[in-house]
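Structure record follows, encoded as structure tokens.
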2 protein chains.
Amino acid sequence: MNEKELKKYCSCVSEVVAKRLTLYLRCFIQLKEEGYDFVSSKELAERFNLNSDLIRKDFSYFGTFGKRGVGYNIDEIIEKIKTILGLKKVYNVAIAGAGNLGKALADYPKFNEGTFRIVAMFDNNARKVGRKYGVNNIPIFHVKELPEKVKELEVDIGIIAVPARAAQQVADSFVKAGVSGLMNFTPARIAVPSNVKTVCADFRAQLEMLAYYVSNLKKSE
Amino acid sequence: MNEKELKKYCSCVSEVVAKRLTLYLRCFIQLKEEGYDFVSSKELAERFNLNSDLIRKDFSYFGTFGKRGVGYNIDEIIEKIKTILGLKKVYNVAIAGAGNLGKALADYPKFNEGTFRIVAMFDNNARKVGRKYGVNNIPIFHVKELPEKVKELEVDIGIIAVPARAAQQVADSFVKAGVSGLMNFTPARIAVPSNVKTVCADFRAQLEMLAYYVSNLKKSE
DNA sequence: TAGATTGTTAATCGATTAACAATC
DNA sequence: TAGATTGTTAATCGATTAACAATC
């Protein structure tokens, strides 16, 4: 679904703003770990190479979070951003594909302190099916069981970590089974109905964009 | 480095355009695999949920690629886009971190038909160091050796797949050793000089953005 | 109170969309 | 030639930046 269609379904801020919010969250968490209690938009901007005007503007879409003359209480704003982004809930996540990538995702450290709970993995390799993966004992089911299990386990978000040729089929199964969001790690473009949000997490696309800049930087040396 | 600073160093198009170009490339490749020879911007847009005006506008920054009344020759435009994105060269890539993620990346199918050549992995686990990983026999060196090996192997792009707390240090080593681009898989914000381009590939940030839309979609049900 | 920083409005800038002449 | 689609210019829209009154 594109951004315009999305607006029919939710009164969300634009994708750039949402992306920056996740970024700000990372920065505030990092500062908290370093022992800070308060930070101004100016300090935040200088530290992380951001724009202080934009930081304040972005927050202003959601209310007033700072203290004039002082800045932002870090603990407080972390909670506020989490609330805005919907990170105070728990999301059930299922991973299609129990290869290297699927496993790396399943092992991903804590996956945001319990916000995202990986409840199932799917694969079509008979040797993997029926086993449990990793420290969290995530059950691996056959891909055939995906529709049934996704419903049963009330999965909210599906992760597509299968070969590209199977991506659309897996996406269709996830959608049919009622997920609201998909994270697609394959290079394939997948089509979904407009009430499902997808994010593209294809490494290759990102690496190619990097190549564009690297090749142009080198030219100007 | 932010987009404004970048412009000092290269006459690149904006990040949104570069990103869309990688996207178009994927679409054209997919159509080629399906046996198509020609496609119009309109067909492309309908098929992949894009905007045909924008497709033509994006191409126009780089020249004229289509045939009026007909559309685009798919083989031809694939080559053109690859040239624009700098994908006709070979980039030496090194991966810091030989955990699940590092391995998944090293195994990533063909990594764009030889455009990106993974020449080394680095880890600080003594049991991994000295071994070769995977079908491509990628040597695993100790992180201490990173600066030396990166220079020796003429690495262009560094991938950061280590724990977040080590990200900045690894980035510094890569930069010092002369890489032009960094792909950062950790949630840590890394600071680099303005002649190095970084892309953020943190899963968590993407998943959080997805959560924002999912939680808002659900509300309006 | 004086200094600092927020929240917000107005001004600017850039990106997308609309429209159409050029031409295959 | 007629129909189709490009490449490009002009119009619109949205996002960022600048500026400053409000207030801690």
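Here is the naming used below: chain letters follow the sequence lines, and residue numbers restart at 1 for every chain.
Of the residues near DNA chain C, A:Val70 and A:Asp58, the one whose nearest nucleotide (by heavy atom distance) lies more toward the 5' end is A:Val70.
Ring centers of B:Phe48 and B:Tyr24: at least 6.0 Å apart, outside the cut-off.
If you check residues 36-44 of chain B against DNA chain D, the residues with a heavy atom closer than 4.0 Å are B:Ser40, B:Ser41, listed by number. Remark: A:Gly71, A:Tyr72 in residues 71-81 of chain A come within less than 4.0 Å of DNA chain C through at least one heavy atom.
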Read 5' to 3' with Watson-Crick or G-U pairs under 3.5 Å, [ ] for crossing pairs and | for partners on another strand, DNA chain D gives ..||||||||||||||||||||||

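Cation-pi check for B:Lys197 over A:Tyr213 is met; the charged atom lies under 6.0 angstrom from the ring centroid and within 45 degrees of its normal.
The side chain to side chain donor-acceptor pair (under 3.5 Å) analysis of residues 183-192 of chain B, with sequence neighbours excluded, yields the pairs B:Asn184-B:Thr186.
Salt bridge annotation for B:Glu33-A:Arg165: absent, with no cationic side-chain nitrogen under 4.0 angstrom from a carboxylate oxygen. Checked for salt-bridge contact, B:Arg47 and B:Glu34 meet the test: a charged N lies under 4.0 Å from a carboxylate O. At a threshold of 4.0 Å, the pair B:Arg20-B:Glu15 does not count as salt-bridged, since none of the basic side-chain nitrogens sits closer than that to a carboxylate oxygen.
Checking the phosphate oxygens (OP1, OP2) of C:dA15, no side-chain nitrogen or oxygen of B:Arg20 falls inside 4.0 Å. Here A:Ser14 reaches the OP1 or OP2 of D:dA15: one of its side-chain N or O atoms lies under 4.0 Å away.
Between the P atom of C:dT12 and the CG atom of A:Leu54 lies a distance of 18 Å, rounded to the nearest Å. Atom-to-atom, OH of A:Tyr61 to P of D:dA15 comes out at 7 Å; the value is rounded to the nearest Å. Whole-Å rounding puts the A:Lys19 NZ to D:dT16 P distance at 11 Å. Look at CD1 on B:Ile55: it is 16 Å from C1' on D:dT8, rounded to the nearest Å. If you measure from atom CZ of B:Phe62 to atom P of D:dG7, you get 13 Å, rounded to the nearest angstrom. A:Phe59 has its CZ atom 16 Å from the P atom of C:dT5, to the nearest Å.
By the 6.0 Å contact criterion, CD on A:Gln30 is enclosed, its count of non-hydrogen atoms from other residues, nucleotides or ligands being greater than 12. Within a 6.0 Å sphere centred on OH of B:Tyr36, other residues, nucleotides and ligands contribute 12 heavy atoms or fewer.
Put simply, the side chain of B:Asn73 never gets that close to the backbone of B:Phe38: no donor and acceptor are under 3.5 Å apart. A donor-acceptor pair under 3.5 Å is formed between the side chain of A:Asn92 and the backbone N or O of A:Glu154. Side-chain N or O atoms of B:Gln168 include one that pairs as donor or acceptor with a backbone N or O of B:Ala191 at under 3.5 Å. B:Tyr91 places a side-chain N or O within 3.5 Å of a backbone atom of B:Gly86 that can act as its donor or acceptor partner.
Ring orientation note: the planes of B:Phe59 and B:Tyr72 are nearly perpendicular, at an angle over 60° on the 30°/60° scale.
Here B:Phe65 lies in heavy-atom contact (under 4.0 Å) with sugar-phosphate atoms only.
Each of D:dA15, C:dT16, D:dG7 was ranked by its minimum atom distance to the side chain of B:Ser60; first place goes to D:dG7. Closest to the side chain of A:Thr64, from the set C:dT17, D:dT16, C:dG7, is C:dG7.
Residues passing the salt bridge (Lys or Arg N to Asp or Glu O under 4.0 Å) test with B:Asp37: none are found, sequence neighbours excluded.
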Pick out the pairs of N or O atoms, protein on one side and nucleotides 18-22 of chain C on the other, that lie under 3.5 Å.
{"unit_1": "C:dA19", "atom_1": "N6", "unit_2": "B:Arg56", "atom_2": "NH2", "d": "3.4"}
{"unit_1": "C:dA22", "atom_1": "N3", "unit_2": "B:Arg68", "atom_2": "NH1", "d": "2.6"}

